[in-house]
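Counting convention: from 1, in listed order, for ligands and their atoms alike.
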Amino acid sequence: MTRRIVLLGPPGAGKGTQAARVSTDFAIPHISTGDLFRVEIAAGSELGMKAKGFMDAGDLVPDEIVLDMLSARISEPDVASGFLLDGFPRTAAQAEALESRFEGGAIDLAVLLEVEEEELVTRLSGRWVCSNPKCSGVFHVVYSPPIVEGICDACGAALVQRNDDKPEAIRRRLEEYASKTSAVIDFYEARGELVRVDSSGSVEDVAGRIESAIDNAIPA
Ligand code: AP5
């Protein structure tokens with residue numbers, strides 16, 4: 001069966017952590033616009049260079065750049081089984097553009113992960129990510145430390161902190177989320193497609209809540 005799901009939530013809510021599980025459990029590709037940009041930046045492409053300055057500062061990348069990249073990705077054949085979008089859409093214009101790509105409704109469900117702001121800052125400040133752009137390893141110095149300090153459990157590459165996990169960029173990202181992404185929440189709520197999930201507590205507890213929300217909204 002086809003499942004088209006959007007995972008929404010503020011920076012640090014656990015979208016990437018949970019998306020990896022949902023993608024495996026429901027056999028749908030995980031498409032993260034942040035990850036797509038980071039691959040382009042690592043490759044030194046023109047697209048990556050255009051996005052880098054915005055990302056490092058904690059600003060959203062302009063819609064036209066995001067939409068070109070996302071449009072190309074959702075034209076690939078694996079999307080026939082559905083998709084899990086992580087970090088997209090982030091503006092009303094992006095949500096409307098996605099809608100216009102699919103006749104009869106673009107998505108089955110938007111899952112909004114909710115966490116207190118203080119916890120978001122704790123999660124982001126302690127995050128370490130794999131430096132290998134093809135690996136999506138994400139760790140936390142306290143909540144989910146790697147087996148060997150500084151080394152990715154999955155691929156053995158060095159762990160690094162993201163440029164946008166510095167305090168000033170975290171603050172800016174939270175502002176961008178509050179000012180621009182609330183319109184996306186309203187968009188899906190008005191269509192009756194939004195479910196809110198408490199993303200506090202352990203990774204396993206949150207995963208269970210998300211899975212139940214998906215099973216309830218899109219029965220197999
Ligand atoms: P993006 O990469 O999407 O970043 P983000 O939305 O800010 O989200 P994060 O990746 O920081 O957090 P997350 O929710 O995935 O949390 P994670 O699972 O890692 O975007 C980056 C930038 O790209 C944007 O700022 C923008 O510039 C640009 N961009 C991307 N998409 C765009 C778009 N559509 N339009 C315009 N610009 C765009 O978890 C965080 C930490 O917490 C980890 O250390 C993890 O181990 C830990 N953790 C997770 N869950 C738990 C838990 N339950 N308990 C304890 N710790 C936990």
same_hphob_cluster([X], [Y]) at 4.5 Å side-chain heavy-atom cutoff:
X: V184; Y: V115; value: no
X: V197; Y: I107; value: no
X: F187; Y: L85; value: yes

Less than 3.5 Å between some nitrogen or oxygen of [X] and one of ligand 1, yes or no?
X: G14; result: yes
X: V138; result: no
X: T17; result: yes
X: G87; result: yes

>> Give me each pair satisfying side-chain hydrogen bond (donor to acceptor under 3.5 Å, both in side chains) with a member in residues 8-27, each pair once, sequence neighbours excluded.
In response: R21-E204
Show me which atoms of ligand 1 lie under 4.0 Å from any heavy atom of [X].
X: A13; answer: 14 (O)
X: V203; answer: 50 (N), 51 (C), 52 (C), 53 (N)
X: G16; answer: 13 (P), 15 (O), 18 (O)
X: V61; answer: 27 (O), 28 (C), 36 (C), 37 (N)

Determine whether [X] and [Y] make a side-chain contact, defined as any pair of heavy atoms from C-beta on separated by less than 4.5 Å.
X: V129; Y: V160; answer: yes
X: C152; Y: W128; answer: no
X: P29; Y: R73; answer: yes
X: P11; Y: L124; answer: yes

Shortest protein heavy-atom distance from [atom], along with the residue and atom involved:
atom: atom 12 (O) of ligand 1; answer: G12 N, 3.0 Å
atom: atom 22 (C) of ligand 1; answer: M55 CE, 3.8 Å
atom: atom 27 (O) of ligand 1; answer: D59 O, 2.7 Å
atom: atom 41 (C) of ligand 1; answer: R123 O, 3.6 Å
atom: atom 54 (N) of ligand 1; answer: G201 O, 3.4 Å
atom: atom 9 (P) of ligand 1; answer: R127 NH1, 3.3 Å
atom: atom 31 (N) of ligand 1; answer: T33 OG1, 2.7 Å
atom: atom 55 (C) of ligand 1; answer: Y143 CD1, 3.1 Å

One residue to check: [X]. Relative to ligand 1, which of side chain, backbone, both or neither has a non-hydrogen atom less than 4.0 Å away?
X: S202; answer: backbone
X: D164; answer: side chain
X: V66; answer: side chain
X: R38; answer: side chain
X: E176; answer: neither
X: S144; answer: side chain
X: R173; answer: side chain
X: F139; answer: backbone
X: L124; answer: side chain

>> Counting only heavy atoms, tell me which of R162, Q18, E119, R172 gets closest to atom 10 (O) of ligand 1.
In response: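 The nearest heavy atom belongs to R162.
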> Given K15, M69, R90, Q94, which has its nearest heavy atom closest to atom 38 (C) of ligand 1?
Replying inline: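 The option holding the nearest heavy atom is R90.
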> Step by step, would you call E168 with R172 a salt bridge (Lys or Arg N to Asp or Glu O under 4.0 Å)?
Replying inline: CA-CA 6 Å; E168 179 58 20; R172 182 69 193 137; over 6 Å; no
>> Could you go through I210 and V22, starting from their C-alpha distance and side-chain angles, then the distance that decides it, and tell me whether this counts as side chain to side chain contact (heavy atoms under 4.5 Å, CB included)?
In response: CA-CA 8 Å; I210 295 173; V22 173; 3.9 Å; yes
>> Would E176 and R173 count as a salt bridge (Lys or Arg N to Asp or Glu O under 4.0 Å) here? Give the steps.
In response: CA-CA 5 Å; E176 286 280 81; R173 285 159 65 204; over 6 Å; no
> Is there a side chain to side chain contact (heavy atoms under 4.5 Å, CB included) between V111 and Y188 once you walk through the steps?
Replying inline: CA-CA 10 Å; V111 178; Y188 289 122; over 6 Å; no
> Does any N or O in the side chain of R196 come within less than 3.5 Å of the main-chain N or O of E114, such that one atom is a donor and the other an acceptor?
Replying inline: no
>> Main chain of D108, side chain of R3: is a donor-acceptor contact present, judged purely on distance under 3.5 Å?
In response: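 The answer is no, because no donor-acceptor pair under 3.5 Å joins these two groups.
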> Could you walk me through whether D164 and K52 pass the salt bridge (Lys or Arg N to Asp or Glu O under 4.0 Å) check?
Replying inline: CA-CA 10 Å; D164 60 351; K52 187 175 184 334; over 6 Å; no
> Run the salt bridge (Lys or Arg N to Asp or Glu O under 4.0 Å) check on E193 and R4 step by step: do they pass?
Replying inline: CA-CA 11 Å; E193 293 171 342; R4 294 200 295 244; over 6 Å; no
